[in-house]
Amino acid sequence: MKKKLVLLLAAVMSIGLLAGCGAQSGYEIALITDKGNIDDKSFNQGAWDGLEAYALANDITHKYYKPEEASDAGYLAQIEMAIQGGAKVVITPGYLFEVAVYEAQTKYPDVKFILLDGAPHTADYSDFKTNDNVASIMYAEEQSGYLAGYAAVKDGMTKLGFMGGMAVPAVQAFGYGYLQGAEAAAAELGLADGAITVTYHYTGDFAETDTNKATAKTMYQEGTEVIFACGGSVGKSVMSAAAEAGTKVIGVDVDQRYDSETVITSATKGLGASVQAVLDAIYKTKGWDAYSGTTTYFNAANSGVGLPTEIIGEENGNAFDRFTAFDEAQYDAVFAKLVDGSVVPVRSLTVADPNGYATAEELTAGLSLVKVTVEARQ
Amino acid sequence: MQKNKTSPSLKDRIHTLTSSKGGSAFTATLLAIGMGLLFGFLVMLLASPFNSVPGFLEILLGGASRLGDVLYFATPILMTGLAVGFAFKMGLFNIGASGQYTMGMFFSLYVAFMWELPTSIHWIACIIAGMVGGMLWGIIPGLLKATLNVNEVITSIMFNYIGMYLVDMWIQGNAVMYVSSKTRTQYLPASAQIPSLGITGSNVNFAIVIAIVIAVLLFVVLNKTIFGFELKATGFNKHASQYAGMNGKRNIILTMVIAGGLAGLGGAFAILAPSSIAGSSMTYEPISVIAANGFNGIAVALLGNSSPIGIIFSALFISYIQRGGTLATMFGYKPEIIDVVIAVIIYFSAFSMLMKNTLAKILHNMANKVHTKDAENRTTKDHKKGGK
Amino acid sequence: MENYIIEMLHITKEFPGIKANDDITLKLKKGEIHALLGENGAGKSTLMSVLFGLYQPEKGEIKKNGEVVQINGPKDANELGIGMVHQHFKLVEIFTVLENIILGVEPNRMGFLQKKEARDKVIALSEKYGLQVDPDAYIEKISVGMQQRVEILKMLYRDNDILIFDEPTAVLTPQEIDELMEIMRGFSKEGKSILFITHKLNEIMSVADRCTVLRKGKYIGTVDIKETNKEELSRMMVGRDVNFVVDKKEQEAGEVILSVDQVTVASKISKKNSVSDVSFKVRAGEIVCLAGIDGNGQTELVSAITGLDKINQGEVLLCGKNITKAPIRVRSKTGMSHIPEDRHKHGLVLDYSLEENTVLQRYFEPVFQKKGFIKKPQVRTYCETLSGQFDVRSGQGPVTIVRTMSGGNQQKAILARELDKKHELLVAVQPTRGLDVGAIEFVHKQLVATRDAGKAVLLVSLELDEVLNVSDRILVMYEGEIVGEFKSNEVTPQELGLYMSGAKRNNTKENSYAKK
């Protein structure tokens, strides 16, 4: 009985060994995840989806790795392991990789790095340097937020809400753009000063919690018609509150209309598209020089941000079907203004609070709001 | 005939293995690990048969090429393992190691950022602060258990959350420590980092030495001192310890304080680790997540049979397997699959300790079956002889 | 050839370091009550475990009705009609009587439980054999005697006809023992065969047909009860003559050591007091026995005196010192030794070694520790000395884990520890519970020796023989009160029985004594 088991095991092992000889060695494009998982509906997932689609279409080996430890040294170690594993292109989604990529770029000059939402620098910020083998990619979140705020007000809403996660630069930019977009739309509609009110709140986390749901619920009960949920899984809390209250949500990062009926539109940034654009430059168009050694902003001009205009799986679907008045023509008009640079939303403000939570005064003054009244809520 | 001679000796061997006192615990551990590995291999075989053998060999052997990292990652789980195991000797189930660990991190961070001390003693002060933080978080469940007989499992679980949210709040509210645009703490001053052991490419540092010394000290306390005598007696039979006039309440509080301190040290060792990148360091991210190392401590303690010396080895073993596992991702396995395999190996191993007796019994029965078979063989032969 | 239902032939079972059964043969006739007699550790339980399939013997075979059978576990045993009432019951406390009886053999139709059917069968069985039980009572709520009946019904429900009773009387009151004997006779008449493990000679003489005696794992012999007597059986069992009468000289009591003054202890389960307004004194050089039927407040009273539980009212003085609220450690240091009622729960740390248990009350004394570190060599020597003095036998000496020792030796270890410790008062609660005659004789001698050495002894016992033979003075407890006080040589068992059952009471005597 025992002997049979041993024999069986031995057989299985030897088959495995034989098969193992034929296994491919090395993965050419590698993605390192940050502290989150590959299915985080944010940077990790967005970048990976773009990478995977491109690599499958062009038959390039690819793989993602998970660092053992969420620290600069841990990220660097994982980058090194990926390179050991045959990586020629390493994609690092998020500003958490800035220091690790700074170290890696000189150590591995033959490997290309695509750093999303960050620029390489030393730990003590004494040196910012983007080598020729690095492409630093940033997104104009303020433009995406601008479009969302514009669309909401144009659609006839006057009581808006904003629920950001933690006040990191990207979230701040979304929020500031949102307020400016609302202001612009109100001005176009000729509304009175203070006709639009925006309740402005940072949750302090990126999590789906009962607290966040309760906060959203309160906002809706106070008459808020739509909340721009801008903080990873915070969106899930807001969506479930909206579903109960019968109100609306604006999604973020990726098109979230498929997550909930309450999502009227999403302020997206083209994570996957940008990754594919850079990969295409490396493998096909020989356009790497355009990205090499510098920071490239993906914005309206290069279709890096925007509201969704298509529905996946529906050729002639109307992505604006959940609006009552706002439509694609209006969207195209305002989008063009961002493309041609006639409108340039403010991206960052000086904020006194150490956590980056701007006060109503700071927002009103910094973004020159007239039609919009902000109520900052902690 | 030959079989008749050999099988009783096999039986004897199993008997000696399963019935000698220290031997049985050790054998059971090895068996448990063996079964864990077997199941882990099966998972890999299912996930990707072609890569399973090289991948599995990498899990088994890969750690050997990364000994520095094996030691580095073993340090915090060694401490939380001790925190769980030590309390368990007293019959207390300290599920709160996670909260104590986080509290230890915060206290270390606080001293690292807010106190200016000479380089030579700054990191030592940070470590001690971490221990104090953990002790504070251990003493409360201890006090509640001793005075009001509140179940320590419940309080310490609650304190995991309370501790985590408090620390997140304190850190976010401290402009010196927290960088809001990066959602993490500042890099630690170099003076607060524990000296590295100087193995290239690894963050392994002096903390592992301290951790092992502490484990040995605990072994001495448990086995050579009056306090250890009382503690184990209470753990084995609290009625008898009451009968013998031992001060149960004091011992409960003391045990939880020590356990908390151990977990707190784990947190300190983790956060104060030096970085192989100049100017960088470990950082704390207040993202409302409970520290997993606290729970890993439970597996470490179970696998180490709650013995401090056993826990040294189980922490090293678990770290070793995890390091090999990371390397195994290069064989086409998704990190999540490798996580599952590692978890299967660790938890199967750890929980099989609970089934120690069952295992021993199975072996025993196997031995007996061999014996009966022999007996049958003999009788049939005898019959045949008789028939002639 | 005789008609044997079960034959266990040349059974040998070894454990590491010990031959628990060495070539033992036991033959059970159909319809007989067969006693299996032996001291603790003689191998009775091992032999029965072999029959029940819990152990596999190294040598020997088992036959049923002349055919060799292989028993690999309780399930096999059950299929052969073998049932067993274990010494420690195997019942699910939070289940009802009925649920426990049908556990594992639940009658069902397509997976649905048929309780009605089961209930009818149980009621029929209990009526037939006079085993009164309430099928819907929860196990945790019923008395030990009742629980035993449930165990017996479990066997009957499974239609077992070979019934093993492992020391069934150890936990029963005298009345319950009589009832059990009657039930066993009934089974025998029905044609069921009974194996009855015990070391109580009286019971064997009264109920058994034949008796097999084991000693130290070896087969001594099988005798017909009609042709033997107690003395012969005990000689076979112990290997020497046993003195049933406790040798005790008259002795004048000295000064008061323990004074219990109007002590009241509230009950934990009901609103009544479990001990109400009890006063008595114990003097140096006398053995005072608290007699009574189990559950009349003796346990609670002793817990209060020894500090395991709180006293609600009244005072306790030891050697003139008020210890009413003193911690246990203080009581111990003031001179109290305590042989607890439940040696597994209180008396020993079963997973500690023998040497660790011998210093359980003294490990903190300077003899055994220095600056918080235990002096292992001293502990070892002390344990060896004590073991020699009190004849404590263990497999591996001082390092033996106490759990692996026999009950008698465990009790001797406690006795040694408590008697060697400096003390003026010995509180001994049922010190001979579950022990064999040899060990009982030893314990009794030690108690008397303690008294002769001028110490005070407070004994709690449920066994009338012990109460009358060992003590100098007897206090009878009934429903939490002392209802009578006697000199042990001036009272008959019948008289005591009347007081114990509450039929007679005399309040004034003890109180007058206390106030003297």
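Labels below follow one simple rule: chain letters A, B, ... track the order of the sequence lines, proteins then strands, and each chain is numbered from 1. The model shown is predicted, which means the values in this text are computed figures rather than measured ones. Values reported hereafter were calculated over all heavy atoms of this structure, with side chains retained and with hydrogens, waters and symmetry mates removed.
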Pairwise distance NZ(B:Lys334) to OG1(B:Thr329) - rounded to 0.5 angstrom: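 If I round to the nearest 0.5 Å, the distance is 13.0 Å.
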Aromatic ring proximity, centroids under 6.0 angstrom, A:Tyr202 and A:Tyr200: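 Here the rings of A:Tyr202 and A:Tyr200 have centres that are less than 6.0 Å from each other.
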Among A:Met166, A:Glu69, A:Gln84, which residue forms the greatest number of heavy-atom pairs with chain B at distances under 4.5 Å?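 Answer, by heavy-atom pair count under 4.5 Å with chain B: A:Glu69.
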Could you tell me which of A:Met81, A:Gln78, A:Glu103 has the largest number of non-hydrogen atom pairs under 4.5 Å with chain B?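 Maximum pair count with chain B is reached by A:Met81.
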When you measure from the side chain of A:Asn212 to the backbone N and O of A:Asp210, does any donor-acceptor pair fall under 3.5 Å?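 Answer holds: no.
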Give, as side chain, backbone, both or neither, the part of [X] having an atom under 4.5 angstrom from any heavy atom of chain B.
| X | result |
| --- | --- |
| A:Glu80 | neither |
| A:Asn355 | both |
| A:Ala77 | neither |
| A:Tyr102 | neither |
| A:Glu68 | both |
| A:Tyr125 | side chain |

Mark yes or no: A:Lys66 above the aromatic ring of A:Tyr64, with NZ or CZ under 6.0 Å from the six-membered ring centre and no more than 45 degrees from the axis.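 No - A:Lys66 does not lie over the ring of A:Tyr64 by the 6.0 Å and 45° rule.
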B:Phe73 six-ring centre to B:Arg323 NZ/CZ under 6.0 Å and within 45° of normal: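 Checked: cation-pi criterion met.
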Testing B:Ile338, B:Asp339, B:Val341 one by one against B:Tyr333 for a side-chain contact (heavy atoms from CB on, under 4.5 Å), which residue passes?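 It is B:Ile338, the one option of B:Ile338, B:Asp339, B:Val341 that forms the side-chain contact (heavy atoms from CB on, under 4.5 Å) with B:Tyr333.
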Does anything in residues 165-187 of chain B pair up under salt bridge (Lys or Arg N to Asp or Glu O under 4.0 Å), and if so which pairs, sequence neighbours excluded?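 As it turns out, the salt bridge (Lys or Arg N to Asp or Glu O under 4.0 Å) pairs with a partner in residues 165-187 of chain B, which skip direct neighbours, are A:Glu98-B:Lys182.
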Could you tell me whether A:Arg347 and A:Glu141 make a salt bridge, using a distance below 4.0 angstrom between a side-chain N and a carboxylate O?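 So A:Arg347 pairs with A:Glu141 through a salt bridge.
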[X] versus chain A, the contacting section by heavy-atom distance below 4.5 Å:
| X | value |
| --- | --- |
| B:Tyr72 | side chain |
| B:Gln186 | neither |
| B:Ser288 | side chain |
| B:Ala278 | backbone |

